[in-house]
Amino acid sequence: MPNRLLCAVLDEMRECVKTSNFSYLSGLIEETQSLANRMESRLYDMKDHDRLLDDIRDLKTKKNKLKEEVGRIQAGLQA
C-alpha cells in the first residue's frame with residue numbers, strides 16, 4: 001500500500017461530511033492520528049539530528065584546539 005498524505009485522508013473526511021456517510025469516519029480519524037504522529041515523530045528526529053550535528057561540530061573544534069595545545073606543549077618540552 002503506498003504512503004498516503006494527511007491531506008488525502010482529510011479530503012476523504014470532507015467527502016464523508018458532504019455525502020453524510022459517516023460509516024468509515026472513525027477509521028479515517030485513526031488514520032489521521034497515525035499519520036500526524038509519524039509526522040511529529042519525524043520532526044523530532046530531524047531536530048535531534050540537527051542538534052547532534054551541532055554537537056559534533058563543537059567537539060571537532062575542541063579536539064583541534066586540544067591537538068594544537070598538545071603540539072605546543074610537546075614542542076616546548078623538546079626545546
Side-chain angles (χ1 to χ4, degrees):
M1 181 175 181
N3 290 333
R4 285 170 38 111
L5 298 177
L6 187 58
C7 292
V9 179
L10 291 172
D11 284 340
E12 285 190 39
M13 287 180 169
R14 288 184 190 99
E15 192 64 31
C16 284
V17 172
K18 196 182 295 182
T19 61
S20 297
N21 180 5
F22 302 106
S23 62
Y24 57 101
L25 184 61
S26 62
L28 292 173
I29 291 170
E30 291 299 319
E31 188 175 358
T32 301
Q33 183 67 54
S34 175
L35 290 171
N37 286 343
R38 285 177 44 205
M39 181 175 61
E40 191 175 60
S41 175
R42 178 67 176 139
L43 289 172
Y44 281 118
D45 288 347
M46 289 170 57
K47 184 178 178 182
D48 288 343
H49 180 263
D50 291 342
R51 183 184 52 79
L52 287 173
L53 287 177
D54 290 341
D55 290 348
I56 289 169
R57 196 175 304 113
D58 293 342
L59 289 171
K60 282 183 178 179
T61 302
K62 288 180 183 179
K63 177 183 134 186
N64 289 335
K65 287 180 183 179
L66 287 172
K67 279 185 175 182
E68 290 173 6
E69 187 176 338
V70 166
R72 282 194 303 266
I73 291 172
Q74 286 178 346
L77 292 176
Q78 291 176 359

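Hydrogens, waters and symmetry mates are skipped; everything else that's a heavy atom, side chains included, is used.
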Task: Pair listing, salt bridge (Lys or Arg N to Asp or Glu O under 4.0 Å) test, anchored in residues 59-76, at least two apart - done: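 Salt bridge (Lys or Arg N to Asp or Glu O under 4.0 Å) check on residues 59-76 returns no pairs.
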
Would you please name every residue forming a side-chain hydrogen bond (donor to acceptor under 3.5 Å, both in side chains) with [X], sequence neighbours left out?
{"X": "Asp50", "result": "none"}
{"X": "Asp48", "result": "none"}
{"X": "Asn64", "result": "none"}

Open item on the list: Could you work out, with side chain to side chain contact (heavy atoms under 4.5 Å, CB included) as the rule, every residue matching Leu5, not counting sequence neighbours?
Closed with: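 If we apply the side chain to side chain contact (heavy atoms under 4.5 Å, CB included) test to Leu5, skipping adjacent residues, there are no hits.
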
Open item on the list: Using the side chain to side chain contact (heavy atoms under 4.5 Å, CB included) criterion, which residues pair with Asp45? Sequence neighbours excluded.
Closed with: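 Per chain and number, Asp45 pairs via side chain to side chain contact (heavy atoms under 4.5 Å, CB included) with Ser41, Arg42.
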
Open item on the list: Quick check: closest heavy atoms across Leu35 and Val9, and the distance to 0.1 Å?
Closed with: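 Scanning both residues completely, I find the closest heavy atoms to be CD1-CG2, 3.6 Å.
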
TODO: Among residues two or more places apart or on two chains, list those pairs meeting side chain to side chain donor-acceptor pair (under 3.5 Å) that have a residue in residues 8-27.
DONE: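 Pairs touching residues 8-27 that pass the test: Arg4-Glu12, Asp11-Arg14, Asn21-Ser23.
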
Open item on the list: Please report the interatomic distance OG1(Thr61) to CG(Leu66), rounded to the nearest 0.5 Å.
Closed with: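 Spacing of OG1 (Thr61) from CG (Leu66) equals 11.0 Å.
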
TODO: Calculate, to the nearest 0.5 Å, the distance between atoms CZ and CG belonging to Phe22 and Leu28 respectively.
DONE: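 The distance works out to 11.5 Å.
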
Task: Same cluster (ILVMFWY, side-chain, under 4.5 Å), Leu10 and Val17 - done: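 Yes.
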
